[in-house]
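A quick write-up on the structure given underneath.
This one's a predicted model, so the numbers in the text were calculated from it and none came from an experiment. Letters A, B, ... are given to chains in the order of the sequence lines, protein chains preceding strands, and every chain is numbered from 1.
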2 protein chains.
Amino acid sequence: MAEKNLDRRQRRSRRLLRDALFALILEKGYDAVTVEEITRRADLGRATFYLHYRDKEDLLLQCLEETADGLAEQIGLLQPARPQEEDGHLQADFSGKSPVLLVFQHAAQNASIYRVILRGEGAYKVSRRIREIASRYAAEFFSARLGYGDGEPRSTIPIEVVANYFAGSLLGMLTWWLESGMPYSPEQMSETFRQLLFQGLRQVIRPEGE
Amino acid sequence: MAEKNLDRRQRRSRRLLRDALFALILEKGYDAVTVEEITRRADLGRATFYLHYRDKEDLLLQCLEETADGLAEQIGLLQPARPQEEDGHLQADFSGKSPVLLVFQHAAQNASIYRVILRGEGAYKVSRRIREIASRYAAEFFSARLGYGDGEPRSTIPIEVVANYFAGSLLGMLTWWLESGMPYSPEQMSETFRQLLFQGLRQVIRPEGE
DNA sequence: ATAATAATAAACAGATTGTTTATTATTATA
DNA sequence: TATAATAATAAACAATCTGTTTATTATTAT
């Protein structure tokens with residue numbers, strides 16, 4: 001947002017800086033990357049960096065926010081393709097795809113930034129922020145769909161707990177998947193995750209037949 | 001381990017450095033802490049720090065390893081109180097307590113280091129290491145108890161996926177719990193986590209009666 | 001008592017940061 | 001196309017932090 005109002009030179013500089021940072025983090029790890037290196041790789045003056053970002057962390061955080069917005073848009077939480085709900089609930093447009101599947105697909109499409117962020121190689125503020133984002137979305141989602149919304153709640157488990165359980169398990173599986181070189185398709189990952197989440201370990205591991 | 005063989009001066013120095021680091025991280029965040037500050041707070045010469053640790057991260061990583069060993073011992077994975085199994089399985093001694101409960105209790109007892117580590121305020125290597133430790137234990141645990149061990153596996157889901165699902169959700173709930181000021185007892189957290197993990201969201205949120 | 005060794009202060013070169021200054025190059029727009 | 005606005009730039013800077021080394025003092029184990 002407000003990205004388009006920038007001078008062409010500014011857009012160019014930001015893009016170059018972002019690309020340089022990602023490449024360098026994947027090459028040598030977040031901590032080892034210096035501002036000097038970023039600008040050298042981007043072929044920009046070092047002073048230019050400070051015209052746009054406060055520091056390395058600031059740059060990475062802004063990339064994270066953009067990525068999170070992009071994902072939210074995909075899922076339909078921000079700009080639903082169809083007109084909104086009428087029953088007061090947050091009613092996302094899933095176009096037949098499960099939101100979890102969309103997450104894995106988005107991760108596959110943006111694997112490089114997902115790797116950088118989920119690895120935890122970003123600064124600690126980045127890791128913290130991504131957990132915040134994930135559990136906030138989860139809380140919105142569950143509150144609208146799993147009986148937390150209106151009448152008497154159908155569970156005694158606080159929604160925050162459920163949201164953090166969800167966010168942790170999803171991020172855990174995403175991280176493993178990306179670090180292992182994405183050995184399964186997004187569809188497979190999504191289906192497995194949904195089984196574990198909704199049916200629980202007992203049903204999934206030991207089918208009732210046994 | 002091998003901690004007792006140290007000169008008394010060395011033990012004292014390490015303890016002071018560790019305490020100073022924790023206090024400073026909780027006060028101003030990992031990144032802002034310098035070696036100079038740590039030694040000033042510990043009332044030691046700066047050179048002494050480098051006699052014991054390579055850098056700030058090294059110190060924190062060693063604390064993490066000690067804490068993880070302590071937890072593993074509690075759970076009985078490392079030094080089971082009772083003689084080992086006879087059926088070939090890794091047979092931990094649970095003394096009637098669920099391992100998950102022991103985790104939450106250990107976290108409550110060592111809240112300060114757990115906060116520092118789980119917050120992700122530690123260096124990225126720390127975050128990564130703790131996920132590795134958690135999923136390795138989970139994999140061992142599940143492989144011995146949930147039908148992954150000997151005969152034909154009872155599930156098509158790879159154990160690595162289950163382990164990372166487990167580690168992510170447990171760390172997610174732990175992190176939230178600590179950051180929220182531990183609003184529930186370890187027993188409550190443990191019970192809730194086990195319900196979500198084994199019975200799944202569907203059973204837990206919508207009891208079959210409805 | 002004494003030999004071993006841990007802690008120490010001081011000094012060091014090197015890296016990095018974030019800012020400022022004066023100048024050049026590019027852009028948007030009339 | 002002319003021009004006013006402004007982005008990019010190189011250079012220099014003080015400040016901070018790092019990791020190492022040196023020679024000396026203090027504490028420990030035995």
Side-chain angles (χ1 to χ4, degrees), chain A residues 1-63 116 121-126, chain B residues 1-63 116 121-126:
Chain A
M1 43 196 81
E3 269 286 324
K4 291 300 169 192
N5 299 338
L6 293 179
D7 190 309
R8 184 151 98 208
R9 288 167 294 181
Q10 297 189 63
R11 286 199 303 273
R12 176 174 168 275
S13 294
R14 293 192 182 199
R15 178 175 45 80
L16 289 171
L17 290 171
R18 178 165 40 84
D19 294 349
L21 177 67
F22 284 179
L24 287 168
I25 287 181
L26 289 173
E27 280 172 27
K28 49 196 304 197
Y30 177 82
D31 286 335
V33 177
T34 69
V35 172
E36 156 101 42
E37 262 178 328
I38 297 172
T39 54
R40 199 186 322 130
R41 173 74 61 105
D43 200 19
L44 293 171
R46 192 164 68 90
T48 306
F49 181 93
Y50 294 102
L51 249 38
H52 294 278
Y53 304 102
R54 194 159 19 81
D55 52 25
K56 205 173 46 162
E57 184 182 81
D58 185 33
L59 167 53
L60 191 53
L61 268 174
Q62 292 201 24
C63 294
V116 166
E121 288 204 355
Y124 76 89
K125 278 188 188 168
V126 175
Chain B
M1 42 195 79
E3 270 286 323
K4 291 299 170 193
N5 300 338
L6 292 180
D7 190 310
R8 185 202 286 169
R9 288 167 294 181
Q10 298 189 64
R11 285 199 304 271
R12 176 175 169 276
S13 294
R14 293 193 181 198
R15 177 174 46 80
L16 290 171
L17 290 171
R18 179 165 39 84
D19 294 348
L21 177 67
F22 284 0
L24 287 169
I25 287 181
L26 290 173
E27 280 173 27
K28 48 196 303 195
Y30 177 82
D31 286 335
V33 177
T34 68
V35 173
E36 156 102 44
E37 264 178 325
I38 297 172
T39 53
R40 196 182 330 125
R41 174 74 60 106
D43 201 18
L44 293 171
R46 193 165 68 91
T48 306
F49 180 94
Y50 294 102
L51 249 39
H52 293 278
Y53 304 101
R54 193 159 20 80
D55 52 26
K56 203 173 46 161
E57 185 182 82
D58 185 33
L59 167 52
L60 192 53
L61 269 173
Q62 291 201 25
C63 294
V116 166
E121 287 204 357
Y124 76 90
K125 278 189 188 165
V126 175

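- The residue B:Arg8 sits close only to the backbone: its heavy atoms come under 4.0 Å of sugar-phosphate atoms, none of a base.
- Residue B:Glu36 contributes atom CD, which lies 15 Å from atom P of C:dA11 at whole-angstrom precision.
- For the pair A:Leu44 and A:Arg12, the minimum side-chain heavy-atom distance is below 4.5 Å.
- A 3.5 Å limit on both hydrogen-bonding distances identifies C:dA7 as the Watson-Crick or G-U partner of D:dT24.
- Taking the side chain as every heavy atom from C-beta outward, B:Glu36 and B:Phe49 never approach each other to under 4.5 Å.
- Toward the 5' end of DNA chain D, the nearer of the two residues A:Thr48 and B:Asp55, judged by each one's closest nucleotide, is A:Thr48.
- For the pair A:Leu60 and A:Leu21, the minimum side-chain heavy-atom distance is below 4.5 Å.
- Nucleotide C:dT20 holds its P atom 12 Å from the CG atom of A:Leu51, rounded to whole Å.
- For A:Asp7 and D:dT6, the CG to P distance is 10 Å, given to the nearest whole Å.
- With hydrogens and angles left out, the side chain of B:Arg9 and the base of D:dT28 share no donor-acceptor pair within 3.5 Å.
- Residues A:Leu59 and A:Leu17 approach most closely at CD2-O, 3.9 Å, considering heavy atoms.
- A:Asp58 places its CG atom 10 Å from the P atom of C:dG18, with the value rounded to the nearest Å.
- Remark: P of D:dT18 and CD of B:Glu37 are 9 Å apart, rounded to the nearest angstrom.
- Summarising the geometry, the separation between CD1 on A:Ile38 and C1' on C:dG18 is reported as 14 Å, rounded to the nearest angstrom.
- Across all strands shown, D:dT30 forms a Watson-Crick or G-U wobble pair, both distances under 3.5 Å, with C:dA1.
- Put simply, B:Ser13 has a side-chain N or O that comes within less than 4.0 Å of OP1 or OP2 on C:dA7.
- With rounding to whole Å, A:Arg46 atom CZ is found 13 Å from D:dA11 atom P.
- Between A:Leu26 and A:Val116, some side-chain heavy-atom pair lies under the 4.5 Å cut-off.
- Atom CZ of B:Arg12 is separated from atom C1' of C:dT8 by 12 Å (rounded to the nearest Å).
- Taking only side-chain nitrogens and oxygens, A:Tyr50 comes nearer than 4.0 Å to OP1 or OP2 of C:dG18.
- Heavy-atom nearest nucleotides on DNA chain C were determined for A:Thr34 and for B:His52, and the one closer to the 5' end corresponds to B:His52.
- You won't find any donor-acceptor pair under 3.5 Å spanning the side chain of A:Arg54 and the base of C:dG18, going by distance alone.
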